Amino acid sequence: MLALEGVGVRSARALATLDEVELGDHVCWRVDPGDAFAGARSYVADGALYGDKVVVIGSLGTVAVRRDRLPTTSVILDLPDRADTDVMLAAVRRETRAAVREGFRSVRVLAERIPVTAPGDAEELLARELKLDEFAAESGAIVVCVFRTAQWEASTLEHVACVHPQETGKRAARPAFRMFSTGTDSWGVDGVVDSECATAFNAAVRAATRRTPTVKLRFDAVEMIDAAGMHALVDAARHLPERRIVVEGANEIVRLCWDLAGYATADVPVVMAA
Amino acid sequence: MTETMPPTPSRPHGAPFRHELYPYRGQDQFLSGTLDYIHEALEADEAVVVAVPEDKTSLLRGELADESAVTFVDATTAGPNPGRHIAAWSAWMHQRGEGGRPVRGIGETAWRQARSAAHLSELRYHEWLMNRAFARSSTWSMLCPYDAADEDQDALRSLSRCHPQIHRDGQYTLNEVYLTGEEYAFDDLDAPCDPFQELSYTHGDLGAIRSKVSQCATDAGVTEDRLAKLAVAVTEIATNSIRHGGGHGTLRTWAQDETFLCELRDSGYIPDAMTGRTRPEANQVGGRGLWLAHQLCDLVEIRSTPDQGTTIRLHMDAPQR
């Protein structure tokens, strides 16, 4: 693990530009082809400024590094299967360990994401992003995920954005909620979970419960959750056997609504803890 | 012409829910009528739940020292919104009626403490809905004492329409003016006060709705805890508009006296008058939106017809600063 000095408590933020990234950030960057290059160039160049090793995956960052011969220590990962997050993560972790040995402050990853899952398979896509988010949280690396809007369905991108704690670009104020790693099998949720984002929330929580029977959700930053959001949470807990979700830090209105909605019973595998 | 029925200490199996209005004058008449009703129940080994104003509770407690079959409940715990009362009564009656034991309820509404004409109107509607809510409860019955000392015949007539039986002199009579039809004759909604703010909404606008409501409610003096409740309630009703009410609706907000109101209109229709008035089960998929609105708001008015769509008004207390 890198030296994590300067990594504070993770929280959801909208970034005006990539200049504002901090250690441990996992940023969603929805780009239009015309306005992407300058941002990528600046992000890569900042690697030298901050003493970060730059790891580039995909053409956008590659062009930025090669064309402008930026004065930074960069590694371009030309992976055989960029869609395979596990392969990508293994490579990035190797570079991270090397960066520690080489005395860098951190690694800053610029990963261009390509649509690989079948339309509607949001859960799989979100599971991959959650792995990346866990990596950023654990290692203190900066991970910027680039999504070319022309290549993605808008609704899929809305889902994907929900599992990035940070976002930059024109629509950085959305979505309504964000879910991100706050430790081993622990996920923080920020914002509002309502009927408009309940499907994304359901997919995100399902993805989080895939690998472990008990998942903790920190609700400290959840403003409110409506009936559709609560149903999405319960449904996610029930979709696999023997799963349990413990919600911690919920505010008074969330706990009141949970009770009123009839979910505060032993046969619901979601516990609304204090 | 009314038909007089004898007292029925024990109710025949399968008898329909009996819901009697008991107009009384003075404490003595209150006590004699309610005590007769309670003693009939006790003789038949029935349980009794009593939810009456505090002064009446004291009177009855004085007469029923240690009667374990009689339970006094504080009706105010259900809150001011009559939309919560059916669920509250259902819970009380279920608790006391374990094992199929017949239960009698005595419920007196503090009519003179009604907070507004809208509140009074919803209280009356609640009384009418009780007949529908408990229609299949063959082991439950209810007596509703009503203080008729003020000789307000209009008020008594309005309330009579909501009760299928009238209780007098220890007997009950079938009530000719009871509204037996499927449709309830609602009072018209008052026109919104000026100035009001209006916002059209559709999918993607829930955040904008909450923002507008929060801003206007704050200006009107709604307290922080109520703002949070209102945000949930408004989200639920707007979601219903978007999902079931034609995909869009209109929000209007205004303040009136010490109340902040949100009105949401759409082209949908709510066919079941009981929607949102019964506590949801954990395994229930939907049907929580109106329930939450009723539980979170100080008053909810619902008007819904196939021709004119649905109008829902959410009331929140807004103490004047």
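All values derive from a computational prediction rather than experimental measurement. Below, each value reflects all heavy atoms present in this structure, side chains not excepted, and no hydrogens, waters or symmetry copies.
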Step-by-step ring pair (Phe, Tyr, Trp, His ring centres under 6.0 Å) determination, B:Phe17 to B:Trp140: CA-CA 6 Å; B:Phe17 174 64; B:Trp140 293 358; 7.7 Å; no
B:Glu198 vs B:Arg265, salt bridge (Lys or Arg N to Asp or Glu O under 4.0 Å): CA-CA, chis, key distance, verdict: CA-CA 11 Å; B:Glu198 196 168 280; B:Arg265 278 179 284 135; 3.7 Å; yes
Chi angles and distances behind the side-chain contact (heavy atoms from CB on, under 4.5 Å) call for A:Met179, A:Cys162: CA-CA 6 Å; A:Met179 188 168 127; A:Cys162 294; over 6 Å; no
Full working for salt bridge (Lys or Arg N to Asp or Glu O under 4.0 Å) between A:Asp133 and A:Arg178: CA-CA 12 Å; A:Asp133 194 66; A:Arg178 294 185 189 278; over 6 Å; no
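Interface remark: B:Asp205 contributes backbone atoms only to the contact with chain A (heavy atom separation under 4.5 Å). At a 4.5 Å heavy-atom cutoff, the contact between B:Leu206 and chain A is made by backbone and side-chain atoms alike. Both the backbone and the side chain of A:Ser195 come within contact range of chain B, each with at least one heavy atom under 4.5 Å from a heavy atom of that chain. Only the side chain of A:Ile253 has a heavy atom closer than 4.5 Å to any heavy atom of chain B.
Nearest heavy-atom pair, B:Ala51 versus B:Trp89, reported as atom, atom and distance to 0.1 Å: CB-CZ2, 3.6 Å.
Comparing A:Asn251, A:Ile225, A:Val268, A:Val192 by how many heavy-atom pairs each has under 4.5 Å with chain B, the most go to A:Val192.
Inspection of the B:Thr71 and B:Arg96 side chains reveals an N or O donor paired with an N or O acceptor under 3.5 Å. Inspection of the A:Thr265 and A:Asp267 side chains reveals an N or O donor paired with an N or O acceptor under 3.5 Å. For the residue pair B:Thr239 and A:Asp194, no side-chain donor N or O sits within less than 3.5 Å of a side-chain acceptor on the partner.
When the heavy atoms of residues 226-237 of chain B are compared with those of chain A, the residues falling under 4.5 Å are B:Ala228, B:Lys229, B:Ala231, B:Val232, B:Thr235, B:Glu236, listed by number.
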